[in-house]
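Working notes, structure below.
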Amino acid sequence: MVEIELDGQKVEVAEGCMVMHAAEKAGTYIPHFCYHKKLSIAANCRMCLVEVEKAPKPMPACATPVTQGMIVRTKSEKAIKAQQSVMEFLLINHPLDCPICDQGGECQLQDLAVGYGGSASRYAEEKRVVLNKDVGPLISMQEMSRCIHCTRCVRFGQEVAGVMELGMIHRGEHSEITTVAGDTVDSELSGNMIDICPVGALTSKPFRYSARTWELSRRRSVSPHDSTGANLIVQVKNHKVLRVLPFENEAVNECWIADRDRFSYEALSSDDRLTQPMLKQGGVWKEVDWQTALEYVANGLKNIKNDHGAQSIGALVSPHSTLEELYLAASLVRGLGSDNIDYRLRNAEFAAPQGVRWLGTSIASLSTLQRALVIGSNLRKDHPLFALRVRQAVRHGAQVSAIGAHEPDWAMSLHGSLVKPAAQWLSTLGAIASAVAQEKGVAAPAGAPASDESALAIARSLLGGERKAVLLGNAAAHHAHASELLALANWIGNQTGATVGFLTEAANTVGAQFAGAYPVNGGLNAGQMLAGGLKAALLLNTEPVADSAAGQQSIQALSGAEMVVTLSPFKCNLEFSDVLLPIAPFTETSGTFANAEGRLQSFHAVVRPLGETRPAWKVLRVLANLLGVAGFDFETSTDVLARATNAAAGSVTHIPADQLSNAVSAAALAATGTSTDPVVASIYQLDGLVRRSPSLQLTADARLAHEGVAA
């Protein structure tokens with residue numbers, strides 16, 4: 001440790017730290033633009049100049065290493081004058097358009113100009129003009145004359161997103177940030193560039209000119225998309241969501257969010273929103289009141305139960321639903337006497353797990369891995385924030401290997417990549433197990449094929465290092481031999497000391513298991529229900545054509561049912577539904593998501609429900625009451641959470657460790673599914689919200705998905 005004196009205060013920091021780090025530890029603010037705690041040091045802006053005793057001139061705090069006994073003054077006359085001089089230069093060419101700038105009110109340049117800028121400029125020359133650029137549907141670069149060349153956006157792309165899409169060309173006053181070749185910015189994390197831009201050069205194209213920042217209410221929420229459970233700040237005006245930003249949580253999403261977390265809010269105001277219960281009568285959809293719709297559903301379910309038995313009733317539920325909704329849906333179905341409920345809509349194998357399948361380690365630990373093997377995942381697109389952490393590990397020397405159907409484009413260097421058809425993943429993983437056995441001198445798993453050089457290289461990598469993980473992706477979880485893949489992964493994990501886990505597909509895949517939203521007593525699984533096994537189907541927040549492995553075949557299967565009830569925020573499933581019940585999306589209801597590591601994160605509604613929309617947990621509660629199902633006396637979603645967790649609400653922050661298990665039983669190994677290629681949703685087709693976001697559907701990834709190209 002090194003001790004320095006900072007503004008008369010003794011501060012002790014690690015050797016190699018910069019003066020800026022010491023100031024942060026001491027709680028002293030030093031003005032800056034280019035410095036960002038998650039990015040490398042560039043020392044471009046010089047705004048952080050401070051006085052260092054015995055130094056001939058002011059030194060940049062962000063790039064000056066501490067030395068024992070160093071004396072630093074951040075508020076001396078010399079330091080203040082240096083900072084004021086830098087500000088004067090920065091404002092020479094800056095356009096005076098704060099009144100119309102989207103960054104107004106949350107702009108670092110604006111804030112620091114008040115403290116360090118002059119009341120008038122000494123320069124009368126014409127200001128420089130930088131031509132605007134079109135870089136895609138998400139980021140606006142219409143006012144690049146505002147850019148102060150801090151290069152935060154450039155460094156973010158290169159170091160965090162892994163793709164250097166922006167760069168600086170020319171020199172002096174002709175310098176400008178651009179894509180160089182006129183390309184679009186297509187990173188799945190690109191929206192973070194907007195957040196870290198200290199001026200209004202990069203702004204949100206969908207939010208552009210929608211509101212002033214001081215008009216917006218800021219409310220916390222949790223992302224309903226992938227299994228990271230990214231923490232969000234949802235900004236609201238007049239009960240309408242206008243912007244979504246990250247809420248910093250180092251253990252989950254750091255200070256970043258993926259573009260689908262940021263821009264999917266557009267779907268909340270789409271023309272597809274369902275705002276009134278609807279019944280299909282004589283092939284024509286008619287709006288009705290809630291009492292009529294719910295009584296129609298209750299009477300229909302009673303009649304079908306009487307005519308065909310309770311086993312003819314089932315529910316297909318989305319793993320993007322809240323824990324409370326999934327628990328009540330499962331309780332309702334079982335209260336009717338059926339066990340037909342499933343969230344595993346895209347799976348080909350439906351073996352009952354021994355416990356709640358999860359990541360097998362903490363999300364934060366992905367940043368410090370030294371070895372990893374990822375099976376069946378397009379990591380960068382399926383889990384952008386997990387990929388970001390693994391990328392950090394690779395930058396620090398980690399060796400990451402992959403098994404998949406396509407050559408990985410994860411924006412990181414890979415130690416090994418085995419590109420095989422999905423049907424060969426089991427034998428490929430078996431070959432790696434054989435290689436591990438060969439290296440350790442132990443017996444290989446029964447039936448494992450002989451290893452080859454590529455498998456041996458991956459095995460040797462896994463046997464090295466200390467912190468390591470074997471991770472099964474969405475395609476592995478949906479695979480026809482998912483349990484066998486897991487069994488081999490567990491064997492490899494045991495022999496190499498690696499943790500084994502599932503990346504898990506949706507915001508609440510782990511929560512769906514915890515809530516018991518799958519058959520536990522011989523009920524029909526999702527595959528059987530989507531093959532036409534039901535007379536009455538409840539569809540909770542799901543569109544089987546887009547959300548299930550059955551795809552278009554689900555239309556015919558569900559059309560054969562006597563009653564199909566869709567609970568959704570959107571007008572969907574019109575081909576086969578008989579009733580549409582408008583339920584609230586995540587912004588209009590309270591609830592809880594369990595992310596991949598089993599962390600329970602609760603949130604509240606940030607706006608009131610649109611039209612006659614109601615929270616799904618309330619709809620299920622009333623429906624159960626009409627059907628005479630006992631135990632549905634909940635007053636709040638907090639009451640539901642308390643029942644689901646068997647604990648006082650808020651007292652449980654994680655799914656209990658004794659319930660988390662990636663073990664696989666012999667019975668599961670015997671239950672293989674239909675050998676088809678696993679069905680995996682592309683990045684902007686994952687759920688109903690992202691599918692209905694106009695801006696996300698204009699991105700390069702969405703276009704590739706529509707063209708049938710793996711994104």
- Item | Candidate pair Gln685 and Gln697, rule side-chain hydrogen bond (donor to acceptor under 3.5 Å, both in side chains), full reasoning | CA-CA 9 Å; Gln685 295 295 317; Gln697 294 308 312; 3.2 Å; yes

- Message: Set out, in order, the CA-CA distance, both residues' side-chain angles and the distance that settles salt bridge (charged side-chain N to carboxylate O under 4.0 Å, His left out) for Lys381 and Asp701, then state yes or no.
- Response: CA-CA 9 Å; Lys381 304 300 181 181; Asp701 281 330; 2.9 Å; yes

- List the steps and the verdict of side-chain hydrogen bond (donor to acceptor under 3.5 Å, both in side chains) for Glu612 and Thr275. CA-CA 5 Å; Glu612 290 298 308; Thr275 58; over 6 Å; no

- Task: Output, in order, the C-alpha distance, side-chain angles, deciding distance and verdict of salt bridge (charged side-chain N to carboxylate O under 4.0 Å, His left out) for Arg243 and Glu266.
- Result: CA-CA 9 Å; Arg243 186 164 64 164; Glu266 288 184 294; over 6 Å; no

- Task: List the steps and the verdict of ring-ring contact (aromatic ring centres under 6.0 Å, His included) for Trp256 and Phe156.
- Result: CA-CA 11 Å; Trp256 317 116; Phe156 171 83; 5.0 Å; yes

- Query: Checking salt bridge (charged side-chain N to carboxylate O under 4.0 Å, His left out) for the pair Arg273/Glu588: CA distance, chi angles, key distance, verdict?
  - Reply: CA-CA 13 Å; Arg273 277 300 300 270; Glu588 299 169 20; 3.0 Å; yes

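For the residue pair Thr592 / Ser602, a side-chain donor-acceptor distance below 3.5 Å is found, with atom types taken as modelled. For Gln392 and Glu254, the side-chain atoms include at least one donor-acceptor pair closer than 3.5 Å. In this model, a donor atom of one side chain and an acceptor atom of the other lie less than 3.5 Å apart for Ser190 and Asp259. Checking Ser637 against Glu324 by side-chain atom types alone, no donor-acceptor pair falls below 3.5 Å. If you check the side chains of Asn231 and Glu248, you find no donor sitting under 3.5 Å from an acceptor. Using modelled atom types, one finds no donor on one side chain facing an acceptor on the other under 3.5 Å when comparing Thr228 with Asn253. Residues Arg155 and Ser40 have side chains that never bring a donor and an acceptor to within less than 3.5 angstrom of each other. A side-chain donor from one of Thr504 and Ser227 sits under 3.5 Å from a side-chain acceptor of the other. Residues Gln235 and Ser217 have side chains that never bring a donor and an acceptor to within less than 3.5 angstrom of each other. His225 and Ser264 form a side-chain donor-acceptor contact under 3.5 Å, judged by distance and modelled atom types alone.
Within 6.0 Å of the CZ atom in Arg608, the count of heavy atoms belonging to other residues, nucleotides or ligands does not exceed 12. At most 12 heavy atoms of other shown residues, nucleotides or ligands fall within 6.0 angstrom of atom NZ in Lys240. At most 12 non-hydrogen atoms from other residues, nucleotides or ligands lie less than 6.0 angstrom from CZ of Arg218. Other residues, nucleotides and ligands place more than 12 heavy atoms under 6.0 Å from the NE2 atom of His654. Summarising the local packing, NZ of Lys133 is surrounded by more than 12 heavy atoms from other residues, nucleotides or ligands at distances under 6.0 Å.
A donor-acceptor pair under 3.5 Å is absent between the side-chain atoms of Gln84 and the main chain of Gly117, judged by distance alone. Between the Ser223 side chain and the Asp261 main chain, no donor and acceptor come within less than 3.5 Å of each other. With His94 contributing its side chain and Ile92 its backbone, the two residues share no donor-acceptor pair below 3.5 Å. In this structure, the side chain of His21 engages the main chain of Met18 through a donor-acceptor pair within 3.5 Å. When atom types are taken as modelled, the side chain of Arg692 and the backbone of Asp272 share no donor-acceptor pair closer than 3.5 angstrom. Put simply, the side chain of Ser365 never gets that close to the backbone of Thr361: no donor and acceptor are under 3.5 Å apart. Looking at Glu325, its side chain does come within 3.5 Å of a backbone N or O of Thr322 through a donor-acceptor pair. A donor-acceptor contact shorter than 3.5 Å links the side chain of Asn44 to the backbone of Cys150. Checking side-chain atoms of Arg46 against main-chain N and O of Val86 turns up no donor-acceptor pair under 3.5 Å. Judged purely by atom type and a 3.5 angstrom limit, Asp687 uses its side chain to pair as donor or acceptor with the backbone of Val690.
In this view, Asp183 satisfies the salt bridge (Lys or Arg N to Asp or Glu O under 4.0 Å) rule with no residue, not counting sequence neighbours. Under the side-chain contact (heavy atoms from CB on, under 4.5 Å) criterion, Trp358 pairs with Val510, Leu660, Asn662, not counting sequence neighbours. Residues meeting the salt bridge (Lys or Arg N to Asp or Glu O under 4.0 Å) test with Glu215, sequence neighbours left out: Lys237. Scored by the salt bridge (Lys or Arg N to Asp or Glu O under 4.0 Å) test, Asp186 finds no partners at all (sequence neighbours excluded). For Asp226, the salt bridge (Lys or Arg N to Asp or Glu O under 4.0 Å) partners are Arg260, not counting sequence neighbours.
For Phe603 and Phe593, the ring centers are positioned less than 6.0 Å apart.
Remark: Arg621 is not positioned above the aromatic ring of Phe634, lacking an NZ or CZ atom under 6.0 angstrom from the ring centre and at most 45 degrees off the axis.
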Pair up each side-chain donor or acceptor in residues 197-207 with any protein partner under 3.5 Å, not counting sequence neighbours, and list the distances.
| unit_1 | atom_1 | unit_2 | atom_2 | d |
| --- | --- | --- | --- | --- |
| Ser204 | OG | Phe207 | N | 3.3 |
| Lys205 | NZ | Asp134 | OD1 | 3.2 |
| Lys205 | NZ | Gly136 | O | 2.7 |

